[in-house]
Amino acid sequence: MLAAILIILVVIIAAVLIYAATRPNDFVVSRSASIRAPAEAIFPLINDFKHWPSWSPFEKLDPNMKRTLSGVESGKGAAYAWEGNSKAGAGRMEITNAVPSSLVSLKLDFERPFRANNTVDFTLTPSGDGTTVTWAMRGGRPFIAKLMGLFMNFDSLIGKDFEAGLDNLKRATER
């Protein structure tokens with residue numbers, strides 16, 4: 001009886017591991033919001049890390065977070081490093097491309113609570129009487145992330161933060 005239970009358990013675990021291995025190697029999390037403000041009013045808040053505390057939900061994870069700005073003041077080459085509590089973790093991001101009032105691309109490197117290297121794009125597109133802002137993050141999914149993804153929805157987890165950040169941008173720029 002015990003041998004049969006162990007065999008069933010091993011088969012179930014093997015099936016879960018095999019299924020996890022078949023999941024995509026990359027992920028994309030993306031959210032968009034319509035903001036009744038011109039792209040010229042929104043762009044500086046994204047393109048200059050000094051403005052991120054006013055809208056980024058990640059800034060509120062640790063009130064004592066250590067922040068270091070380096071490189072140029074804004075745009076391509078501007079960098080931001082942080083080190084915080086277990087919620088905020090530690091990492092660094094750098095603007096790799098900035099097209100005035102239309103695109104800000106970042107290289108995002110997490111050190112804690114896990115290592116990850118991702119890219120982030122903020123795309124601003126004129127739309128009616130305002131701007132559609134899209135916040136997208138892309139990266140690789142190592143096996144452990146694929147396995148964890150079977151039990152938790154990464155898109156929902158990160159997506160809610162993107163939605164909060166876009167809402168904050170909306171409040172900061174709409175008149």
Side-chain angles (χ1 to χ4, degrees), residues 24-62 65-84 87-142 145 149 153-175:
N25 291 327
D26 298 309
F27 75 90
V28 176
V29 175
S30 179
R31 296 292 189 276
S32 295
S34 294
I35 300 176
R36 287 187 322 270
E40 294 78 20
I42 303 164
F43 182 79
L45 298 180
I46 300 168
N47 193 50
D48 186 338
F49 290 125
K50 286 189 313 252
H51 296 294
W52 282 50
S54 70
W55 65 268
S56 173
F58 301 108
E59 292 288 332
K60 297 177 183 26
L61 294 175
D62 179 3
M65 186 164 49
K66 179 183 172 197
R67 299 164 178 89
T68 306
L69 301 178
S70 61
V72 299
E73 187 171 317
S74 64
K76 185 176 180 176
Y80 173 107
W82 74 93
E83 185 154 344
K87 285 184 177 181
R92 182 179 188 277
M93 56 186 161
E94 181 174 341
I95 297 176
T96 58
N97 191 18
V99 179
S101 300
S102 63
L103 174 71
V104 176
S105 296
L106 310 169
K107 179 179 183 275
L108 175 60
D109 298 315
F110 293 102
E111 295 172 22
R112 285 187 297 114
F114 52 85
R115 286 187 135 334
N117 305 100
N118 301 320
T119 58
V120 175
D121 290 316
F122 290 91
T123 308
L124 291 80
T125 308
S127 175
D129 64 344
T131 306
T132 298
V133 179
T134 301
W135 184 352
M137 182 169 67
R138 295 168 177 74
R141 286 182 9 157
N153 187 324
F154 187 67
D155 183 83
S156 295
L157 190 68
I158 298 300
K160 69 178 173 48
D161 292 323
F162 286 12
E163 291 164 8
L166 292 168
D167 283 345
N168 292 340
L169 276 173
K170 182 181 246 187
R171 278 192 290 283
T173 56
E174 283 187 346
R175 304 216 189 300

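Hydrogens, waters and symmetry mates are skipped; everything else that's a heavy atom, side chains included, is used.
- With sequence neighbours excluded, no residue satisfies side chain to side chain donor-acceptor pair (under 3.5 Å) with Ser30.
- Going from atom CG of Leu106 over to atom CG of Asp121 covers 8.0 Å, rounded to the nearest 0.5 Å.
- Counting only heavy atoms from C-beta outward, the side chains of Met93 and Val120 never approach each other to under 4.5 Å.
- Rounding to the nearest 0.5 Å places NZ of Lys107 at 9.5 Å from OG1 of Thr96.
- Remark: Ile35 CD1 to Ile42 CD1 distance equals 4.0 Å, nearest 0.5 Å.
- Trp82 places a side-chain N or O within donor-acceptor distance of the main-chain N or O of Ala88, the cut-off being under 3.5 Å.
- Rounded to the nearest 0.5 Å, atoms CE (Met137) and CD1 (Ile158) are 5.0 Å apart.
- In this view, Arg112 satisfies the side chain to side chain donor-acceptor pair (under 3.5 Å) rule with no residue, not counting sequence neighbours.
- Within the structure, every pair that satisfies the side chain to side chain donor-acceptor pair (under 3.5 Å) test and touches residues 39-49, not counting sequence neighbours, is listed here: Asp48-Lys50.
- One distance of note links OG of Ser56 with NE2 of His51; it measures 14.0 Å at 0.5 Å rounding.
- Taking the side chain as every heavy atom from C-beta outward, Arg67 and Glu59 approach each other to under 4.5 Å.
- A donor-acceptor contact shorter than 3.5 Å links the side chain of Glu174 to the backbone of Arg36.
- Note that OG1 of Thr119 is 12.0 Å distant from CG of Asn97, once rounded to the nearest 0.5 Å.
- Remark: Thr125 pairs with no residue by the side chain to side chain donor-acceptor pair (under 3.5 Å) rule, at least two apart or across chains.
- For Phe162, the ring pair (Phe, Tyr, Trp, His ring centres under 6.0 Å) criterion is met by Trp135, not counting sequence neighbours.
- Under the rule for a ring pair (Phe, Tyr, Trp, His ring centres under 6.0 Å), the partners of Phe49 that lie at least two apart in sequence or sit in another chain are Trp52, Tyr80.
- Of the possible polar contacts, one joining the Thr131 side chain to the Ala37 backbone as a donor-acceptor pair under 3.5 Å is found.
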